[in-house]
Amino acid sequence: MGTSEDEQFLDEIKLFVIYLQEYYFDVYSKEIVEEPLLTGKEIMEILNLQPSPEVGKIKNMLLKAQIEGKIKTRQQAVDFVKSITL
């Protein structure tokens, strides 16, 4: 697509990329917490678990919920982890 000679098409692609950048910086990055709110060790302490693959699964579920914008605070993360049943 980037090698297209259709100038109108290339202009549309450029506008779309600009839109994505603006959305990322103006909306997404202000609303989404991408860094894990809880460590694996904290998850183990909260749920009284030993190191295991389940801890990693829970941590990944938490991070996914954060990226989706469902979890934004540490307390929400703790509540989310407590609500998970594997």
Could you tell me which residues satisfy side chain to side chain contact (heavy atoms under 4.5 Å, CB included) with [X], sequence neighbours excluded, listed by chain and number?
X   : result
K41 : T39, M44, E45
E12 : Q8
I46 : L38, V78, V81, K82

Let me confirm one number: the [atom1]-[atom2] distance from [X] to [Y], rounded to the nearest 0.5 Å.
X   : Y   : atom1 : atom2 : result
F80 : I58 : CZ    : CD1   : 9.5 Å
L62 : K70 : CG    : NZ    : 12.0 Å
M61 : S83 : CE    : OG    : 8.0 Å

Inset, instruction - Could you note down all residue pairs passing side-chain hydrogen bond (donor to acceptor under 3.5 Å, both in side chains) where residues 53-62 supplies at least one of them, sequence neighbours left out? - result: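 Every pair satisfying side-chain hydrogen bond (donor to acceptor under 3.5 Å, both in side chains) with a residue in residues 53-62: S52-E54.
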Legend entry - Q75: side-chain hydrogen bond (donor to acceptor under 3.5 Å, both in side chains) partners, not counting sequence neighbours: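 In terms of side-chain hydrogen bond (donor to acceptor under 3.5 Å, both in side chains), with neighbours along the sequence ignored, Q75 is linked to D79.
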Legend entry - Q66 side chain vs L37 backbone, donor-acceptor pair below 3.5 Å: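 Checked: pair present.
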Inset, instruction - Look at the side chain of E22 and the backbone N and O of Y19, then say whether any donor-acceptor pair between them is shorter than 3.5 Å. - result: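 Not a single qualifying donor-acceptor pair exists.
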Inset, instruction - Using the rule that two of Ile, Leu, Val, Met, Phe, Trp, Tyr join whenever any of their side-chain heavy atoms come within less than 4.5 Å, decide whether L15 and Y23 are in one cluster. - result: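 L15 and Y23: separate clusters.
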Inset, instruction - Say whether F25 and L20 are linked into one hydrophobic cluster, either directly or through other cluster members, by side-chain heavy-atom distances under 4.5 angstrom. - result: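 Looking at the clustering, L20 is in the same group as F25.
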Legend entry - salt bridge (charged side-chain N to carboxylate O under 4.0 Å, His left out) involving E42 - partner list, sequence neighbours excluded: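 If we apply the salt bridge (charged side-chain N to carboxylate O under 4.0 Å, His left out) test to E42, skipping adjacent residues, the hits are R74.
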